[in-house]
Amino acid sequence: MLDIDPGKIPAGVEKCSSFSLRRITHAFHDIDGTHSLIREWVPVMTLVTGFTARYGMAEGNSAAEKAAVIARFSPEDFPEGNRFAIESAGLSALTQMEWALRRAGENGLYPLEGSSPETNSAVVSAIWGGDEEFENYGESPAFRRKLAEDASILFKAYELLLLAMGRDRNLADAKINPDKWRVPGSVEFLKFLHDHGVKNYFVTGAVVEYASDGMPQGTMAEEIAALGLTPAEDGIVTRLAGSTWREKLPKEKIMLDICRKEGIEPSQLLIVGDGRSEIAAAAAMGALAMSRLDENSLRAREIHKALGTHLIVSKYDMDELAKFMIPAE
C-alpha cells in the first residue's frame with residue numbers, strides 16, 4: 001500500500017484539486033495515451049465521426065465497405081469531428097459513434113423515427129458534456145436498437161481504419177522498440193506501484209475478448225503484449241478489462257463492477273488516465289484522480305481540471321512521484 005501525501009507534492013507535478021492524505025491499495029489505468037502511444041486514434045476518430053455527421057452512414061453493407069468509402073476523405077476535412085474527438089477522449093467508442101449518427105440526424109441524414117429532433121439534439125448536447133447513457137430520454141426501443149446496431153458497424157469501420165492508418169505499422173515497430181511506444185516512465189511507475197502492494201488494472205474503452213483459457217485477446221491485448229505489459233495474476237498488471245462491439249460499457253460501469261467483484265474500496269483507489277471518462281469516474285466514485293497529459297494538451301488540461309482531477313503529470317518521473325507516494329507503514 002502507498003500513502004499519497006498532498007503536502008509533499010513537488011513542483012514537477014501539478015496539483016489541481018485539494019485532497020487529504022490518501023491510502024492507495026489499487027490502481028485503475030487507462031491504456032491509450034496513458035501508457036501506450038501505439039494508437040494514434042484522434043485523426044481516425046475525427047475522420048469517422050466527421051464524415052458520418054456530415055454525410056450520414058457511408059455506403060456499403062459491411063464495416064469494411066463503409067471504411068473504404070470514409071477512407072477517401074481526410075481528417076482535415078472535418079474540423080467539427082476533430083473538436084469532438086478531443087472533447088470526447090475517454091468515452092466509449094460506441095458513444096462516440098452514436099454522437100456522429102445523431103449529428104447526421106440533426107442534418108437530416110439519419111432517420112429519427114422513434115425519437116424527435118428536440119430529444120435527439122438534447123442527447124447530442126449531453127454527449128458533448130460527457131454523458132453516455134440515455135435510456136430515460138423517451139425514445140422508442142426500435143430506434144435505440146437501430147442506433148446501437150449502426151454504432152456497432154461504425155465502431156468496426158473505425159477499428160479497421162485505425163489499423164490501416166498507423167496502428168499496425170506502429171505495433172510492428174513496438175515489438176522491436178517497445179520503449180519508443182511507451183509513455184516515459186510507464187513501466188517504472190507500474191512496477192513501483194506493484195512493488196509496494198498496489199494492484200494495477202488496465203481499464204480501456206477498446207474491445208477486449210477472451211480466449212477459452214481466459215487470456216485476453218484482440219488488438220488491445222496485442223498492443224500491451226508488445227509493450228511487455230500483458231496482465232498476469234503475479235505481474236505488474238493484474239487484469240485487462242474493456243468494452244465490447246455491441247454493448248456500451250462506460251468506464252465508470254466497468255470500474256464499479258471490478259470494485260464490487262474484488263472488494264475494492266473506491267476511496268483507496270488511484271485512477272490514472274488521459275480521457276475525460278476515467279477522470280469523471282474517479283470524481284463520482286470518490287477515488288484519487290491523476291491525469292497523464294502532454295504539456296501542450298491545453299484543452300484537455302482545462303477539461304480535466306473542470307472534472308476535478310487531483311494531479312496532472314506529463315510523464316512518470318519516479319524521482320518526483322516517489323516524493324509524495326510513500327510506502328504505508
Side-chain angles (χ1 to χ4, degrees), residues 2 4 9-10 12-14 24-42 89-90 166-167 169-206 208 216 219-242 251 255 269-279 282 287-297 300-301 304 309-325 327:
L2 289 169
I4 310 297
I9 295 173
V13 175
E14 185 174 359
I24 299 299
T25 61
H26 295 76
F28 293 167
H29 305 256
D30 177 53
I31 303 173
D32 287 332
T34 302
H35 290 286
S36 172
L37 302 174
I38 290 174
R39 292 189 173 210
E40 298 172 290
W41 65 270
V42 170
R167 178 268 184 185
R169 179 182 64 249
N170 295 346
L171 178 65
D173 191 42
K175 291 177 180 178
I176 302 169
N177 305 298
D179 282 346
K180 176 181 173 182
W181 297 99
R182 299 187 193 110
V183 171
S186 170
V187 173
E188 292 78 7
F189 178 50
L190 291 166
K191 188 173 186 302
F192 173 82
L193 294 173
H194 174 264
D195 288 349
H196 290 94
V198 176
K199 292 185 72 172
N200 294 306
Y201 298 75
F202 280 151
V203 180
T204 176
V208 176
T219 58
M220 184 55 71
E222 292 175 346
E223 291 165 32
I224 60 176
L227 299 178
L229 298 173
T230 297
E233 192 58 40
D234 58 350
I236 62 173
V237 177
T238 298
R239 180 181 164 195
L240 168 65
K251 284 184 182 174
M255 292 175 177
L269 175 63
L270 172 66
I271 296 179
V272 187
D274 72 327
R276 67 180 303 147
S277 60
E278 54 264 27
I279 302 305
L288 187 71
M290 186 168 81
S291 302
R292 205 304 295 177
L293 298 170
D294 292 332
E295 292 181 358
N296 62 355
S297 299
R301 286 173 175 254
H304 283 226
T309 193
H310 297 100
L311 305 165
I312 298 179
V313 297
S314 58
K315 60 183 179 180
Y316 305 107
D317 184 338
M318 291 315 307
D319 289 337
E320 296 281 275
L321 296 177
K323 291 176 182 177
F324 66 96
M325 295 186 174

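- A distance of 11.0 Å separates CD of E223 from CH2 of W181, quoted to the nearest 0.5 Å.
- For the atom pair NZ of K315 and CZ of F189, the computed distance is 14.5 Å after rounding to the nearest 0.5 Å.
- Contact record, V183 with S314: CG1-O, 4.4 Å, taken as the closest heavy-atom pair.
- Within 6.0 Å of NZ on K191 lie no more than 12 heavy atoms contributed by other residues, nucleotides or ligands.
- In this model, a donor atom of one side chain and an acceptor atom of the other lie less than 3.5 Å apart for H29 and N200.
- No side-chain donor-acceptor contact under 3.5 Å links T25 to the backbone of V198.
- Between the E320 side chain and the G12 main chain, a donor and an acceptor come within less than 3.5 Å of each other.
- Side-chain contact annotation: T309 with R301, donor-acceptor N/O pair under 3.5 Å absent.
- Ion pairing between R167 and E40 fails under the 4.0 Å rule for side-chain N and carboxylate O.
- For the atom pair CG of L37 and CZ of R182, the computed distance is 10.5 Å after rounding to the nearest 0.5 Å.
- Between the side chain of R239 and the backbone N or O of Y201 there is no donor-acceptor pair closer than 3.5 Å.
- Formation of a donor-acceptor pair under 3.5 Å by the R292 side chain with backbone atoms of G33 is found in this model.
- The heavy-atom pair separating I279 from S291 by the smallest distance is CD1-OG, 3.5 Å.
- H310 places a side-chain N or O within 3.5 Å of a backbone atom of A289 that can act as its donor or acceptor partner.
- Using modelled atom types, no side-chain atom of D294 and backbone atom of N296 make a donor-acceptor pair closer than 3.5 Å.
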* Using the side chain to side chain contact (heavy atoms under 4.5 Å, CB included) rule, take M220 and F202 through it: C-alpha gap first, then chi angles, then the decisive distance, then the call. => CA-CA 11 Å; M220 184 55 71; F202 280 151; over 6 Å; no

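- A pairwise comparison of heavy atoms in V208 and T204 identifies CG2-CG2, 3.8 Å as the closest pair.
- In terms of modelled atom types and a separation under 3.5 Å, the side chain of H196 and the main chain of F192 share a donor-acceptor contact.
- Shortest non-hydrogen contact noted between I271 and E278 is CG2-O, 3.5 Å.
- Although no hydrogens or angles enter the test, the distance criterion places a donor-acceptor pair under 3.5 Å between the side chain of S277 and the main chain of G90.
- Side chain of H194 to main chain of G235: a donor-acceptor pair is present (N/O by atom type, distance under 3.5 Å, no hydrogens or angles).
- Using a cut-off of 4.0 Å between Lys/Arg side-chain N and Asp/Glu carboxylate O, E222 and K175 are scored as not salt-bridged.
- In this structure, L288 CG and L2 CG are separated by 11.5 Å, a value rounded to the nearest 0.5 Å.
- Atom CD in E14 sits 13.0 Å away from atom CE in M290 (nearest 0.5 Å).
- Closest non-hydrogen pair, Y316 versus T34, comes out as OH-O, 2.7 Å.
- Side-chain contact, D32 with W41: no donor N or O sits under 3.5 Å from an acceptor N or O.
- In this structure, the separation between CG on L227 and CD1 on I38 is 4.0 Å, given to the nearest 0.5 Å.
- Taking each heavy atom of L229 and S186 in turn, the nearest pair found is CD1-OG, 4.5 Å.
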